[in-house]
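Data block below; observations after.
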Amino acid sequence: MSKIGHDCCNITRKTASDFLMNPMYKISKIEGYNIKTIKTKREIIQVLWINEKNKLTVRYSGMPCLTSKVALEALCEWIDKGEIRTTKEALTKLSKIKGFKVTEEVKELVREVMNTVRG
């Protein structure tokens, strides 16, 4: 899937537990970001994004459930790296994460995030 650069090593996240055990895109400082609050059946999440010099940077804030956390971590990573541009591409990549099921709730969250940051 994707590699994240770190000071000491590159991390490849391929499974749902990889995304859960090593969150990299949840933030608490929201200054400077565009913000949209998304309400799902289980939680309220803030999607934060900046589009500078044709580089889209996406983060999230809130307390998502485990399924949403995996989806949000993956989306933020892939959008930041330019690996996905559409909802369809996002759902296809999410379906390839080992140990993760793309439910209707996940599909709705992905649509909402992609429409927010791309729209």
Side-chain angles (χ1 to χ4, degrees):
M1 291 254 153
S2 301
K3 290 188 178 184
I4 302 283
H6 268 275
D7 296 339
C8 64
C9 59
N10 285 325
I11 298 170
T12 302
R13 304 198 299 176
K14 295 180 181 179
T15 67
S17 62
D18 292 339
F19 289 97
L20 290 172
M21 298 302 290
N22 193 15
M24 303 170 119
Y25 296 95
K26 181 178 177 181
I27 63 170
S28 57
K29 294 184 180 182
I30 60 175
E31 291 179 26
Y33 285 92
N34 298 302
I35 302 168
K36 179 172 183 187
T37 300
I38 297 174
K39 295 178 184 178
T40 70
K41 292 178 183 176
R42 299 181 196 194
E43 68 249 327
I44 298 173
I45 302 163
Q46 289 183 315
V47 176
L48 305 103
W49 73 101
I50 298 173
N51 194 349
E52 292 179 334
K53 300 179 184 177
N54 293 325
K55 169 78 171 101
L56 185 58
T57 302
V58 181
R59 301 291 182 265
Y60 68 95
S61 180
M63 298 297 292
C65 68
L66 297 179
T67 304
S68 295
K69 185 175 181 178
V70 171
L72 289 165
E73 281 288 322
L75 289 173
C76 291
E77 180 176 315
W78 298 335
I79 292 169
D80 281 12
K81 292 181 167 274
E83 295 178 9
I84 58 171
R85 297 184 94 43
T86 66
T87 300
K88 184 177 179 179
E89 290 173 347
L91 291 171
T92 299
K93 282 192 77 138
L94 283 170
S95 70
K96 294 178 183 177
I97 295 175
K98 293 177 185 173
F100 186 71
K101 183 179 180 183
V102 179
T103 63
E104 286 303 315
E105 192 173 337
V106 168
K107 289 178 185 177
E108 185 57 37
L109 177 61
V110 170
R111 278 191 286 274
E112 188 77 33
V113 170
M114 294 302 288
N115 288 339
T116 297
V117 301
R118 293 286 182 199

Nearest 0.5 Å please: distance from the [atom1] atom of [X] over to the [atom2] atom of [Y].
X	Y	atom1	atom2	result
I79	R85	CD1	CZ	10.0 Å
Y60	K69	OH	NZ	5.5 Å
E83	E77	CD	CD	6.5 Å

For the residue pair [X] and [Y], what are the closest heavy atoms and their distance?
X	Y	value
A74	I97	CB-CD1, 4.1 Å
E73	M24	OE1-N, 2.8 Å
P64	S68	CB-CB, 3.8 Å
D18	T12	OD2-O, 3.8 Å
A16	G99	CB-O, 3.6 Å

Under the rule for side chain to side chain contact (heavy atoms under 4.5 Å, CB included), what residues qualify as partners of T87, not counting sequence neighbours?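 Testing T87 for side chain to side chain contact (heavy atoms under 4.5 Å, CB included), a comparison that skips the adjacent residues, returns L91, V110, R111, M114.
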What residues, two or more places apart in sequence or in another chain, satisfy side chain to side chain contact (heavy atoms under 4.5 Å, CB included) together with D80?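 Side chain to side chain contact (heavy atoms under 4.5 Å, CB included) list for D80, sorted by chain: Y25, K55, T57, V58, R59.
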Looking at L20, L72, V106, V102, which hits side chain to side chain contact (heavy atoms under 4.5 Å, CB included) with T67?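 In the set L20, L72, V106, V102, the residue that makes a side chain to side chain contact (heavy atoms under 4.5 Å, CB included) with T67 is V106.
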Are any of the side-chain heavy atoms of [X] and [Y] separated by less than 4.5 Å?
X	Y	result
I84	L75	yes
T116	N34	no
W78	L94	yes
L56	R118	yes
F100	T15	no

Qualifying residue, where the test is side-chain hydrogen bond (donor to acceptor under 3.5 Å, both in side chains) with E112 and the options are K107, K39, K36: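 Testing each of K107, K39, K36 against E112, the sole residue satisfying side-chain hydrogen bond (donor to acceptor under 3.5 Å, both in side chains) is K36.
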Please evaluate residues K41 and E105 with respect to the criterion salt bridge (Lys or Arg N to Asp or Glu O under 4.0 Å), reporting the C-alpha separation (whole Å), side-chain torsions for both, the decisive distance (0.1 Å), and the verdict. CA-CA 8 Å; K41 292 178 183 176; E105 192 173 337; 5.7 Å; no
Taking ILVMFWY side chains as joined if any heavy atoms are under 4.5 angstrom apart, and letting links pass through other members, which residues group with I50?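 Besides I50, the cluster holds I27, I30, Y33, I35, L48.
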Could you tell me whether the side chain of R13 and the main chain of N22 form a donor-acceptor pair under 3.5 Å?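 Answer holds: yes.
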Between E43 and T40, do the side chains contain a donor N or O and an acceptor N or O under 3.5 Å apart?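 Yes, because at least one side-chain N or O of T40 sits under 3.5 Å from a partner of the opposite role on E43.
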